[in-house]
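Quick notes on the structure that follows.
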Number of protein chains: 2
Amino acid sequence: MTETPATEKARQTRAAILDAALDLFRSHGYDGTTMRAVAQQAGVSAGNAYYYFSSKEHLVQAFYDQLQEAHAAAAAEALQGLEGRTAYSDRLRAVLSAWVDIASEYHEFAGTFFKNAAEPTSPLSPFSEASTPAREAAVQIHRATIDGSDLKVSKALREELPELMWLLQMGVVLFWVHDRSPDQRRTRELVERAVPLIDRLLRLTRVPVVRGVVDDVVGLVRSVKGP
Amino acid sequence: MTETPATEKARQTRAAILDAALDLFRSHGYDGTTMRAVAQQAGVSAGNAYYYFSSKEHLVQAFYDQLQEAHAAAAAEALQGLEGRTAYSDRLRAVLSAWVDIASEYHEFAGTFFKNAAEPTSPLSPFSEASTPAREAAVQIHRATIDGSDLKVSKALREELPELMWLLQMGVVLFWVHDRSPDQRRTRELVERAVPLIDRLLRLTRVPVVRGVVDDVVGLVRSVKGP
DNA sequence: ACCAAGAGTTGAACATGTTCAACTCGCGGA
DNA sequence: TCCGCGAGTTGAACATGTTCAACTCTTGGT
């Protein structure tokens, strides 16, 4: 974690470095952006950037937080735009589509996403301790999506569902990262087609024959989550 | 892709570099191993290593291939050891457990390996073009696991299942990479408990109410797989 | 007003993946 | 045997992430 700057000027310097980094990431990609270029555009020395961000990857962590906030806002707005339609499929589609829209601008340098995801020792992993706030905020979006819907599933499943849907979203991100189609058309298609199926599958969990297995799956998820 | 060397001496030099790299990766990890150290241990110049391997990451590809081969052998042996037991759950458990066994030796360094492997633009990504041979070999293990089992699912699902099970295995790997428990006990527990559930879920796919959705899911998987 | 302490800042130096022009060597053909 | 060509090899140079000792600036206490 980067320390919160003590003074107002320091906060501005930190913001300037972050803005410069995100701007350059967007225009030149992650590898194409040098720390020296970031520092220069921010009007500070190369070394000074390291006073605020202990590594180049930590700049990406700040980017995650920003992306997360943008998605939360866009998702809330999209859900608002549904005006009373409570079908879960509509709400889930809105949330996932909002993410693809928000993130599309950064698709080119998205490789760094999963580079961080797979490094378990790094605090940048979405599963890490350090990412807990951002992750829980993301899970919260799905909790709201579910709570405002007409979805009917068992109590146990409903409790785990927000986190499971976040996991699903990570899967979408994985697909998106590898999606080379223009404007990530294939990812959008995947979302459009997968959402109704997920809705149907969730409704199936209440069918007598299915219910037993689902309960056991939820039980496994629960025991595997905790340490 | 690295070119096949023309002469016998060149082939030996290439092998020496590779051996040195794998040795140092094991003892010092990926980041702790410098190309200069690899070259020195192989008895060549730093620059010469790049004549045979166009980047440090290309050296890791060899490690993956080795791991993949070891798993294929161990999985085959484990399936042999079942001696006629054709229950899919037994067979799947054997294959997944074999992977955890084989990989445990490298768990300490796996984090740094997979960090680099997870980048989609990297040839080390399991989804990349360059990894196609290793990936297909891994899928083939699951195909054999299914073919030798008593599993009864629809024709369409059965065709996609090997690839889906490979995906499941990638999920296990992701969990394993983050597993800090001694001897990766939690991953082993996950496999033990998840396998019977997967078996039950697969058998459920033939139930009339469920069948329709499953067909649609398979259809989606199919259309999303191809470009 | 002054001073000490600590925050903020710098530029140079370092480590390492990678590139490259130049060199050597081995071999097939004349 | 000798030549020339291309594979193989080198060491230095380069690019860039990162570190660090030294410096400056700000602030709070007396």
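The sequence lines fix the lettering, A, B, ..., with proteins before strands; numbering per chain opens at 1.
A salt bridge links B:Glu189 with B:Arg185; the closest basic N to acidic carboxylate O contact falls under 4.0 Å. Between A:Asp147 and A:Arg158 there is a salt bridge, since a side-chain N of the basic residue sits under 4.0 Å from a carboxylate O of the acidic one. The pair B:Arg188-B:Asp101 meets the salt-bridge criterion, with a side-chain N (NZ, NE, NH1 or NH2) lying under 4.0 Å from an Asp/Glu carboxylate O.
When the side-chain nitrogen and oxygen atoms of A:Thr13 are compared with OP1 and OP2 of C:dT9, one or more of them lie within a distance under 4.0 Å. Side-chain N/O atoms of A:Tyr50 include none lying less than 4.0 angstrom from OP1 or OP2 on C:dT10.
Between the NZ atom of A:Lys56 and the P atom of D:dT19 there is a distance of 14 Å, given to the nearest Å. Atom CG of B:Asn48 and atom P of C:dG17 are 16 Å apart (whole Å). When rounded to the nearest whole Å, the span between CG of B:Asp31 and C1' of C:dA15 equals 13 Å. With rounding to whole Å, B:Gln40 atom CD is found 16 Å from D:dT9 atom C1'. The distance from atom CZ of B:Arg14 to atom P of D:dA7 is 16 Å, rounded to the nearest whole Å. Note: CG (A:Leu24) to P (D:dG17) measures 11 Å, nearest angstrom. For the pair B:Met35 CE and C:dG17 P, the computed distance is 7 Å after rounding to whole Å. Remark: P of C:dT18 and CD1 of B:Ile17 are 14 Å apart, rounded to the nearest angstrom.
Taking the six-membered ring for Trp and thresholds of 30 and 60 degrees, B:Tyr30 and B:Phe25 have ring planes inclined between 30 and 60 degrees apart.
Of the candidates C:dT10, D:dG8, C:dT16, the closest approach to any side-chain atom of B:Thr34 belongs to C:dT16. The A:Tyr51 side chain lies nearest to C:dT9 when the options are D:dT9, C:dT18, C:dT9. Side chain of A:Ser45, nearest nucleotide from D:dG8, C:dT9, C:dG8: C:dT9. Side-chain atoms of B:Arg36 lie closest to C:dT18 of the nucleotides D:dT10, C:dT18, C:dA7.
In B:Glu77, the CD atom is not crowded: 12 or fewer heavy atoms of neighbouring residues, nucleotides or ligands sit closer than 6.0 Å.
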